[in-house]
Structures are given as structure tokens and as C-alpha cells.
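Following: one structure in C-alpha cells, then a few remarks.
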Protein chains: 2
Amino acid sequence: MSRAAKARGGRNGAGRPPGRPAGDSGTRAAIGEAARAQFADHGYRGATIRGIAAAAGVDPALVHHYYGSKEALFAAAMRLPVLPSEVMTAALTSPAGFPGTGTRLVAAALSLWESDALKDTFLGLLKSAVTSEHAAAMLRDFVTDSILGTMVKVTGLADRVSPAEAGYRAAMVATQMLGLAMTRLVLRLPPVAAASVEELAATVGPSVERYLSGEIELPAAVAGSQRRT
Amino acid sequence: MSRAAKARGGRNGAGRPPGRPAGDSGTRAAIGEAARAQFADHGYRGATIRGIAAAAGVDPALVHHYYGSKEALFAAAMRLPVLPSEVMTAALTSPAGFPGTGTRLVAAALSLWESDALKDTFLGLLKSAVTSEHAAAMLRDFVTDSILGTMVKVTGLADRVSPAEAGYRAAMVATQMLGLAMTRLVLRLPPVAAASVEELAATVGPSVERYLSGEIELPAAVAGSQRRT
DNA sequence: TGTAGAGTTCAACGTGTGTTGAATTAGCGG
DNA sequence: CCGCTAATTCAACACACGTTGAACTCTACA
């Protein structure tokens, strides 16, 4: 038998003569999208190049052709399509005052990482962080810079307290927010998964607010670094 | 060269004639311990049978001989050596009242899952939950039954509010606690990782207490299930 | 028309994985 | 002293992985 007469697959899929069907099909982008989805589903280790290629309807070798290596693909796929800090800032500054900074913060974060733009990226980061030190560093940076940094600025925390205290308070916020993400997106604890963004924001918000500006006991190490108001 | 003259490894390690050196060496237990440590370090997917065997100083085939399969080994390794509910109950009931239920709860949980008895088990569960649905179910059950169930009973939550509300409040607690575990043990965010158990308990405790008995807004679905006091 | 290059496929390599089966030895009950 | 059984090792299988290199076909431009 010759090698002619093959069935057409999803994108290219099953046997089709090599060659160039058209100038710049969206293959590269398709691979990126598939990668994001796979990383979100299975984490860095669990996602496979072959699986990603299959999901994109493409030969595994193409993935390497475009991205070079799995790690590079991960880095590229996790590069954020929008700047979270901007989204957060916008969500936080527009309705000034009401209904409480903490509540607005939780609502903003929640809908941010459940938005189509960031969903897979964030979940991928979250799921990969536990296995890959590389991903953990990415998530840590993401949390520290984009989220916490913005938050500290937007809420004016930086002006009111010492840097050490701001860092500690922000970390406490991270504690609550990451837990929310974990139970809602990964573990899917029924009460948390079922609630709406607004409901969660309403009940969790005040706790966050307490970390931001409420009275909390500081560890000796951070309390000593500067007198506070 | 013949195959004689080999160096002695950790347990048995490198070449040593097969056979039975002594009745019931603690090999089976050693494998279990090594497994727990490896699962805690790398998660379910990241940990390998060969790695576990090496850590236990044992031939990989022995692992299967004793446990049958990787999944069975995981299940066996994650079986809790102590009942968390008992530990929690003890920690919560002895110094009644002071310094606040939430604070004591956080302190108890924190030192529970950082105890030698549970450390690896808990971390293993946490790291595997994001990749393996099996492990996620285990962690969910662990959180739901042992921690939240106990908590609801000990704090008297069950007597004061409807089951639906108790479930929601407990889930919010889980949100905060899991986030604490995540940032401290997995992500190791500096401020959280550096603080002592008491310090964390002091700052996080009141938030937890708020979820337990404070005034919070309930989702419509749970508020409607029964009139509350 | 020719040639450079992009898009794509295929086949294979080397490595690491979970798992299996046979072989070997030591202790223990008869 | 003889088997039986438990403890252990070794060698191998089948598979999946990331990665590589060569081939092929089309488009674009000179």
C-alpha cells in the first residue's frame, strides 16, 4: 500500500502530507492556548508535550519547533495576557469607598482569576507551584508583585505603616486569598464552589479588611522595625 | 571482574546476596516512611517508586512486593497515624475560653500539621491534591470530616445554627486555614514562613473566630434553609 | 523560473517510569 | 534434617516521556 488516502483530523491530526497549506495558520497560537489549558488541568509535570500537541491537533515536533522546550513553553504560556495590577487598580479605585475596600478587593481578585483572560494561567500556576520550584517562584512573584504590591499601593497601606508591617499585613491577605482560590478552584469545597463572587466577597471581605487596616497583633520582628501611628 | 566485593549501602543498598537476613526487619515500615517523605516533597506524580525505594535503601521490586502498586502505597502512606480530631479536640477543650476559640484553633491546627506525626502526610496530601483527583478527594474528606467536623462540634456551632449555615461557616474557616498552610508550607511566603505559630495564631485567629461566630452575610441559598437566632 | 524559507510530518533515540517474574537465601515448624 | 515460606535481588518488559533530525511541500520573492 502506498501512503496516500488519509483521513483529515481536527486541525491537521492524522496523516496528511507535510508541507505548507497556508501562510501563518494560527498554529503557534493554538499550541499556546492548548498548553495553557493542559497546564491548568494537570500542572507542569502532569501536562505532556504530546498531550498538548494532540489538543492543538498538531504534531509534537511542532511544539518544539515553535517553543524549543517544555520549560520555555510553560514560561511562554504563563506570561500574562493582561496586567493584573491594572485590572485590580481599576476595580479598586472606581467605586471609591463603598462597600469596603476588603470586599471590593476580594470581588476584584475573584472575578479577575475567573475571567477568561486569566483563568487557565492562574490555575496552571497554582497547580504547578506545588510540583515545580520554577512555577512556585513564578506564583510567588505574581502574588508578591502584581497583587500584593498593587494592593499596598492602592489601599494606601504603604503610607500608613512601616514597610515591614505592610509586608506582613499583605501576606496575611495573601493567606486568605490563596486559600479562597485553593478551596474554590482546586479543591472545590461545595459551599465555597457554589457561592457567587458577590456572596464570597461579602463574607470574606471584612476579614481581608481587618488584615489591611484593622487592629492586629504583629510579630515582634516586624513590630520592632518602626514605630507606627 | 567478578561480582564480589561490594560496598554496603544505607539499609541494604548496593549488591548483597538475596535471601533473608533476619525475621521481619523494619523494611515495610521504612518503605512507608520513605514514601510519605517523597510524596510530601514531590507530590503523587513527582514521587517515583524508584526514588522511594532508594530513600528506603531497598530494591524497587520490594515496594511492589509489599504494597502492590503506587496508588496503594500512596493510600497506605497517607493513612493517618493519629486521629486529628482527637488532637484538635484535646487542644481546644483544655484551656476553656482563653485566648479565644479562633486563636486556639489556628494554633492547634498549625502545630498539628507541623508535628512530626502528621507533617509529611499533610504536605503529601496538599501537594498531591492539585494533580491527582484521588488525592484531592482524600484531602477534601480530611478537611471536611476530621477538621471541620470536629470544629463544628467542639465550638458548639452545630447547636447554634442550621446545618447549612454551619457548613458554610466551617468552609470559610477552611478557606483561611488552607491558605495559611499553602502560603506557609508550600509557597513559603517569607512573612508567613518566618512567623511563629503563636504569632500567626494571634493575627489570624480573630478572622477565624469571625467566621465561626461573628456576624457574616450568608448566601441566599444557606440563609433560607432555616431561621437563625 | 528558481531558490530560500516557513510550516509540517515522520521516525527514531535515549531515558525514566510502573510493574512483573524468576531466582536466591535465610529462618522456622515439623 | 527437610521443606515451607518470607525477604530480598536482579533482569527485563512495555510504555510514555522530552527531544532531535531529516524529509517534504508549499508560499513568497527575486
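Protein chains get the first letters and strands the later ones, always in sequence-line order, with residue 1 at the start of each.
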Task: side-chain hydrogen bond (donor to acceptor under 3.5 Å, both in side chains) partners for A/Tyr211, two or more places apart - done: B/Gln176, B/Ser207
Set of residues satisfying side-chain contact (heavy atoms from CB on, under 4.5 Å) with respect to [X], sequence neighbours excluded:
{"X": "B/Ser128", "result": "B/Tyr44, B/Phe74, B/Ala135"}
{"X": "A/Ala37", "result": "A/Asp120"}
{"X": "A/Ala107", "result": "A/Val197, A/Ala201"}

Task: Donor-acceptor under 3.5 Å (B/Arg140 side chain, A/Leu187 main chain) - done: yes
TODO: Answer yes or no: is there a donor N or O on one side and an acceptor on the other, between the side chain of A/Glu199 and the main chain of A/Ser196, under 3.5 Å?
DONE: yes
- [ ] Mind checking the CG-CZ spacing from B/Leu73 to B/Phe39? Nearest 0.5 Å is all I need.
- [x] 4.5 Å
Task: B/Arg45 CZ: over 12 foreign heavy atoms closer than 6.0 Å - done: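 No.
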Separation of [N] [atom2] from [X] [atom1] (nearest whole Å):
{"X": "A/Leu62", "N": "D/dA23", "atom1": "CG", "atom2": "C1'", "value": "14 Å"}
{"X": "A/Tyr66", "N": "D/dT20", "atom1": "OH", "atom2": "P", "value": "18 Å"}
{"X": "A/Ile52", "N": "D/dA16", "atom1": "CD1", "atom2": "C1'", "value": "15 Å"}

TODO: May I ask you to list the residues of residues 34-43 of chain A, by number, that have any heavy atom positioned under 4.0 Å from an atom of DNA chain C?
DONE: none
Can you pull every protein N or O that's under 3.5 Å from an N or O on nucleotides 17-20 of chain C?
from   : atom 1 : to      : atom 2 : distance (Å)
C/dG18 : OP1    : B/Ile49 : N      : 3.3
C/dG18 : OP1    : B/Lys70 : NZ     : 3.3
C/dG18 : OP2    : B/Ile49 : N      : 3.0
C/dG18 : N7     : B/Arg50 : NH1    : 2.6
C/dG18 : O6     : B/Arg50 : NH2    : 3.2
C/dT19 : OP2    : B/His64 : NE2    : 2.7
C/dT19 : OP2    : B/Lys70 : N      : 2.9
C/dT19 : O5'    : B/His64 : NE2    : 3.2

